[in-house]
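Shown next, in structure tokens, is the structure this report addresses.
Start at 1 and go down the list; that is how both ligands and their atoms are numbered. Model, not experiment: these values are computed from the prediction. We're numbering straight along the sequence, starting at 1.
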Amino acid sequence: MNKKEIIEKTEYFVKETLSKDSTGHDWWHVHRVRNLAKRIAREEGADIFIVELAALLHDIGDYKFFQGDEEAGAAKVREWLSSLEIPPSLIDKIIEITSQISFMHTLPDKGKRENKKNSATLTISKELMSVTDADRLDAVGAIGIARAFTYGGFFNRQIYDPATKPNKSITKEKYKITEAPSINHFYEKLLKLKDMMYTKLGRKMAKRRHRFLNLYLKQFFKEWKGKM
Ligand code: ADP
Ligand code: NI
């Protein structure tokens, strides 16, 4: 099978799989991440084929589909890629990206201040950087805001509750089970992403989208207080 066929088949597989999902993941998110990741990859000189495949598959292995089981997601991605007769070394590279992309993995474990595993010891490939930055960019800016409230609405979260303060140093365990209002998510994840970008283009775009988040929050709280 040539690269074009592999991409086309994978695109079809992802569309099919996500159409059955009920956790709020959607194909258009994958579409945007794929395009952004390819753009970043070109600037970084990363392998476009690996980036495109990993971007297409990045949410298929999401732990949320598997009741929190992080291994089951990787197994599903591996099963798909093996069915396409892709060489094992390439499969490993793609799994490395899809299993490390999640923001949650960067959060500290219970009782820890930071997640050392993610800051120092990992070797981060250009391909992983490109897909991760693209996924994170789609969580900020105007689209990120829309996605946060879509997620919150789906899981019956409130928009905002002054009595529930955001936990800026939230741990991995708490992040997984939080039922806090959607505005808290801005402080627990979205506003942190600007400083977590790996690539030059990612940083530049994140900075602009971050400014928009702040502008939005300012207006939100003015309206909340009836000042505007
Ligand atoms: P991604 O595909 O970007 O890795 P997730 O699967 O973690 O994102 O979440 C999907 C979308 O929902 C993202 O835009 C994310 O910021 C948002 N989201 C995740 N958790 C929450 C939450 N507790 N409250 C509001 N929005 C959330
Ligand atoms: Ni994603």
Side-chain angles (χ1 to χ4, degrees), residues 10-11 14-15 17-18 21-38 40 51-70 73-74 76-77 94 97-107 118 127-161 164-168 170-194 196-198 202 205-206 209-210 212-213 216-217 220:
T10 302
E11 179 176 330
V14 172
K15 274 185 188 159
T17 310
L18 295 185
D21 169 53
S22 57
T23 61
H25 284 78
D26 70 301
W27 162 253
W28 291 112
H29 162 64
V30 175
H31 170 86
R32 290 187 301 269
V33 171
R34 166 208 212 164
N35 288 339
L36 255 179
K38 282 170 77 178
I40 296 171
V51 164
E52 188 160 18
L53 265 184
L56 281 171
L57 292 163
H58 87 274
D59 271 343
I60 291 289
D62 196 312
Y63 68 96
K64 290 185 221 72
F65 288 134
F66 302 97
Q67 289 79 41
D69 183 348
E70 293 167 27
K76 181 156 185 186
V77 174
I94 292 161
I97 299 173
T98 56
S99 53
Q100 284 180 33
I101 192 169
S102 134
F103 167 78
M104 197 192 68
H105 286 131
T106 67
L107 294 172
N118 256 295
E127 289 75 27
L128 174 61
M129 290 188 202
S130 306
V131 185
T132 306
D133 277 12
D135 192 36
R136 288 179 178 165
L137 279 167
D138 208 53
V140 288
I143 292 203
I145 294 171
R147 291 182 72 216
F149 289 111
T150 301
Y151 183 102
F154 187 85
F155 290 104
N156 287 319
R157 309 280 159 79
Q158 286 183 296
I159 296 172
Y160 175 58
D161 172 13
T164 314
K165 301 284 177 225
N167 177 3
K168 288 185 190 171
I170 194 165
T171 61
K172 195 172 162 182
E173 288 72 18
K174 287 242 172 73
Y175 184 85
K176 259 187 175 178
I177 55 161
T178 180
E179 292 190 349
S182 299
I183 284 286
N184 292 24
H185 186 66
F186 285 64
Y187 300 93
E188 290 164 0
K189 171 179 171 184
L190 309 188
L191 292 166
K192 296 176 183 171
L193 295 176
K194 168 178 74 70
M196 294 173 68
M197 292 289 153
Y198 292 121
M205 293 182 80
R209 294 184 186 205
H210 184 89
F212 190 77
L213 289 182
Y216 176 82
L217 287 170
F220 182 96

Any idea which of Asp138, Asp26, Asp135 brings a heavy atom closest to atom 4 (O) of ligand 1?
Asp135
Report the relative orientation of the aromatic rings in Phe186 and Tyr216; use parallel for angles under 30°, tilted for 30 to 60°, perpendicular for over 60°.
parallel
As an exercise, identify every atom of ligand 1 less than 4.0 angstrom from a heavy atom of Leu190.
16 (O)
Name, closest N/O/S atom of Asp135 to the Ni ion (ligand 2)
OD1
Would you kindly specify which portion of Asn184 sits under 4.0 Å from ligand 1, judged on non-hydrogen atoms: side chain, backbone, both or neither?
neither
Tyr175 and His185 aromatic ring geometry - parallel, tilted or perpendicular at 30°/60° bounds
tilted
Between ligand 1 and Val33, can you find any atom pair, the residue atom being a heavy atom, that is separated by under 4.0 Å?
no
Under a 4.0 Å N-O cut-off, is there an ion pair linking Arg34 with Glu11?
yes
Please indicate whether any nitrogen or oxygen in Ser182 is less than 3.5 Å from any nitrogen or oxygen in ligand 1.
no
Considering the heavy atoms of Ala148, write down every atom of ligand 1 situated less than 4.0 Å from one of them.
25 (C), 26 (N)
Given that the side chain starts at C-beta and the backbone is N, CA, C, O, which of these parts of His29 lies under 4.0 Å from ligand 1, counting heavy atoms, or is it both or neither?
side chain
For ligand 1, the portion of Asp59 having any non-hydrogen atom under 4.0 Å away:
side chain
Name, closest N/O/S atom of Asp59 to the Ni ion (ligand 2):
OD2
Are a donor atom and an acceptor atom from the side chains of Asp26 and His31 found within less than 3.5 Å of each other?
no
Between Arg157, Lys189, His185, Glu188, flag the one that comes closest to atom 27 (C) of ligand 1 by a heavy atom.
His185
Within rounding of 10°, what is the angle whose vertex is the Ni ion (ligand 2) and whose arms end at NE2 of His29 and NE2 of His58?
100°
